[in-house]
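Presented below is the structure to which this report refers.
Bear in mind that the values here come from a model prediction, so they are computed numbers and not experimental data. Every heavy atom of this structure was used, including side-chain atoms; hydrogens, water molecules and symmetry mates were not.
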Amino acid sequence: MAFTNGTMMQYFHWYSAADGNHWKQLQSRASELARSGFTALWIPPAYKGSSGGYDVGYSTYDLFDLGEFDQKGSIRTKYGTKAELLAAVQAAKAAGIGIYLDTVLNHKNGGDAEELIEAVAVTSDNRNYDRSACETIKSWTSYEFPGRGNTYSSMKWNWHHFDSVNHNMFKPGDSTVYRFKSKHFEADVNSEHGNYDFLMACDLDTSEPEVIAELQRWGEWIVPTLDLAGFRFDAVKHVRATFFSEWLAHLRQKTGKALFGVGEYWSQNINELHGFLARTNGQVSLFDVPLHYNFHRASKSGSNFDLRQILDGTLMQQQPALAVTFVENHDTQPMQALESCVEPWFKPLAYSLILLRQAGYPCVFYPDYYGAEYKDKGRDGNEYTIVLPSHKFLLDVFLAARRDFAYGPEYSYFDHPNCIGWTRLGDREHPQAMAVILSNGGDGWKWMEVGKPNTKFVDRTNHIDRSITTNSYGWANFCCKGGSVSVWVEAASASLS
């Protein structure tokens, strides 16, 4: 699915306040976000998790409870009530912003009752092999949804709808992965641990007809309920790849909407990402994880990183039409399991690369825009206060430049290890040109063509306070400060945004 300079925001982070005000905040900011240039918002899992009003949403309990029923100790979710959610998405729609719902179809957690199940423990390093003979285990695999009852759906879940768990109440504290006797791990998943179907809690069996039917029924309900424009799929490497393209195709046919889908396939191996995209026949995009790690390494290496290689081995470079590009997300932020932070000094450089170049569909992370402060314990057991600075000023500059100037032919000048640049020459509807230059070392200069002879350009970032005029052939020596980025636009149009 193509987007003409569309930009999404991940409108939450792991440590977003659990005060129930998130949806109300979104409602109040929707118009402002649209004016800034955002066209879509990826919102957090909006349904009830196993820890009720404190659950980030990935420990899914009831997909049909959007903060409406008294379950797991609260009516609201971490983010607010269903009524507040509906008001927020309506405000976003009125502002011209689409909503992508974070969707967890890999597992359920927080069962209402235990069941006795015949299961086999599998080896930790290769789950294709059994570690023991079949035994009877006790697991929380019965989901009755007592607070919701039969509203929206009458299906009750039991162990037949799952293929594995990692808890046995006969052995408290044991985290062994158990595969149910009559089940098999799904094929067409990531090959880590031999088979990476199981991730956590009660793993859904997406080959089970009742599971497929219920997830389709939920999709048919949630799309019109929230007037969704698409989905962000969690943990796709743990579910058979074809499930997502089949599920989306079903919903597109049922709802008549060209629903967007992007998956989180967490791997730096570009070939694994290409494999998933091939198996889903291009119906699901992927987050460009290799690009994130390039940004992470570049930010840690300073001037020792060769900027000519910043896009190497990425979806942005190799499959741009299916690449959702990002700098940071809730899993990579400080104190999280996949912590791989991009240092603050480099974030403007990274965002210029995803927002002002032609390739990819960029996603801005909430704390990078608004800033964030939170506390958590590190792996050493000590508590730390984390402060993530806001880059709103420069992000707003980039968003406006993306909206107004990032069109037409793109000429790249990735010809120096510490200073790279590119130009956009504009098109018929957006005739103004733009030049972008960044450096991870000292002050940088680059001779680049913008196609506008004898034209004055100014730096929208205000890093450089003098203008530059092109020669009679439309070339100029554009510049930036060390460890910085400058965005040069035609002086006559600089005040239009």
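Side chain to side chain, Arg29 and Tyr11 meet the donor-acceptor criterion of an N or O pair below 3.5 Å. At a cut-off of 3.5 Å, with distance as the only test, a side-chain donor of Arg252 or Gln283 sits close to an acceptor on the other residue. Looking only at atom types and distance, the side chain of Thr280 has no donor-acceptor partner in the side chain of Ser245 under 3.5 Å away. In the model, Arg402 has a side-chain atom that pairs as donor or acceptor with a side-chain atom of Thr7 under 3.5 Å. Side-chain contact check for His274 and Asn271: no donor-acceptor pair (N or O, by modelled atom type) lies under 3.5 Å. For the residue pair Tyr47 / Asp62, no side-chain donor-acceptor distance below 3.5 Å is found, with atom types taken as modelled. A donor-acceptor contact closer than 3.5 angstrom is absent between the side chains of Glu490 and Thr455. For Asn109 and Tyr61, the side-chain atoms include no donor-acceptor pair closer than 3.5 Å. Side-chain contact of Tyr384 with Asp380: a donor-acceptor pair under 3.5 Å is present, judged by distance alone.
Partners of Lys24 under the side-chain contact (heavy atoms from CB on, under 4.5 Å) rule, at least two apart in sequence or in another chain, are Asn21, Glu84. In terms of the side chain to side chain donor-acceptor pair (under 3.5 Å) criterion, Glu373 has no residue partners (sequence neighbours excluded). By the salt bridge (Lys or Arg N to Asp or Glu O under 4.0 Å) test, Asp443 pairs with no residue at all, sequence neighbours left out. Residues that satisfy the ring-ring contact (aromatic ring centres under 6.0 Å, His included) test with Tyr370, not counting sequence neighbours, are Tyr366. Under the ring-ring contact (aromatic ring centres under 6.0 Å, His included) criterion, Phe365 pairs with no residue, sequence neighbours left out. Ser412 pairs by the side-chain contact (heavy atoms from CB on, under 4.5 Å) definition with Arg357, Glu410, Phe414, Trp422, not counting sequence neighbours. His296 meets the ring-ring contact (aromatic ring centres under 6.0 Å, His included) test with no other residue; sequence neighbours excluded. By the side-chain contact (heavy atoms from CB on, under 4.5 Å) test, Cys341 is found to be paired with Glu328, Pro334, Glu339, residues two or more places apart in sequence or in another chain being considered. Taking the ring-ring contact (aromatic ring centres under 6.0 Å, His included) definition, one finds that His391 meets it with nothing, sequence neighbours left out. The salt bridge (Lys or Arg N to Asp or Glu O under 4.0 Å) search around Lys456 returns none, not counting sequence neighbours. Listed by chain and residue number, Val223, Lys257, Leu259 satisfy the side-chain contact (heavy atoms from CB on, under 4.5 Å) test with Thr255 (two or more places apart in sequence, or in another chain).
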For this session: Could you walk me through whether Asp102 and Ile43 pass the side-chain contact (heavy atoms from CB on, under 4.5 Å) test, one step at a time?
Result: CA-CA 6 Å; Asp102 203 323; Ile43 63 171; over 6 Å; no

Problem set entry | Audit row: Leu395, Lys392, side-chain contact (heavy atoms from CB on, under 4.5 Å) steps and yes/no | CA-CA 5 Å; Leu395 286 173; Lys392 188 176 186 299; 5.6 Å; no

Problem set entry | Step-by-step side-chain contact (heavy atoms from CB on, under 4.5 Å) determination, Ile310 to Ile420 | CA-CA 10 Å; Ile310 194 69; Ile420 60 174; 4.2 Å; yes

Exercise. Passes side-chain contact (heavy atoms from CB on, under 4.5 Å), Asp459 versus Arg466? Steps please.
Worked result: CA-CA 8 Å; Asp459 179 12; Arg466 61 180 176 83; over 6 Å; no

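For Trp445 (side chain) and Cys480 (main-chain N/O), no donor-acceptor pair under 3.5 Å exists by modelled atom type. The main-chain N or O of Phe405 is never found under 3.5 Å from a side-chain atom of Gln432 such that the two would form a donor-acceptor pair. With hydrogens and angles disregarded, no donor-acceptor distance shorter than 3.5 Å links the side chain of Ser16 to the backbone of Phe12. Side chain of Thr39 to main chain of Gly6: no donor-acceptor pair is present (N/O by atom type, distance under 3.5 Å, no hydrogens or angles).
The six-membered or imidazole ring of Phe398 lies away from that of Tyr351, with a centre-to-centre distance of 6.0 Å or more. When ring centroids are compared, Tyr413 and Trp447 stay outside the 6.0 Å threshold. In summary, the aromatic rings of Tyr196 and Trp266 are positioned with their centroids too far apart to meet the 6.0 Å limit. Between Phe231 and Trp247, the distance from one ring center to the other falls under 6.0 angstrom. Aromatic rings of His292 and Phe295 (six-membered ring for Trp) have centroids beyond the 6.0 Å cut-off, not under it. Here Tyr58 and His330 bring their ring centres to under 6.0 angstrom of each other. Taking the ring centroids of Tyr100 and Phe260, they lie under the 6.0 Å cut-off.
The shortest side-chain heavy-atom distance between Val239 and Leu105 does not fall under the 4.5 Å cut-off. Looking only at side-chain heavy atoms (C-beta outward), Lys377 and Asn382 stay at 4.5 Å or farther from each other.
In summary, Asp227 and Lys93 engage in a salt bridge, as defined by a charged side-chain N under 4.0 Å from a carboxylate O.
Pairs of residues two or more places apart, or lying in two chains, that qualify as ring-ring contact (aromatic ring centres under 6.0 Å, His included) and include a residue from residues 73-92 are His22-Tyr79, Trp23-Tyr79.
The cationic group of Lys446 does not satisfy the cation-pi geometry with Phe478, failing either the under 6.0 Å distance to the six-membered ring centre or the 45° limit from the ring axis.
Heavy-atom neighbours of Tyr54 OH from other residues, nucleotides or ligands within 6.0 Å: at or below the threshold of 12.
Residue Glu68 is tested with Lys82, Lys48, Arg76 for a salt bridge (charged side-chain N to carboxylate O under 4.0 Å, His left out); the sole match is Lys82.
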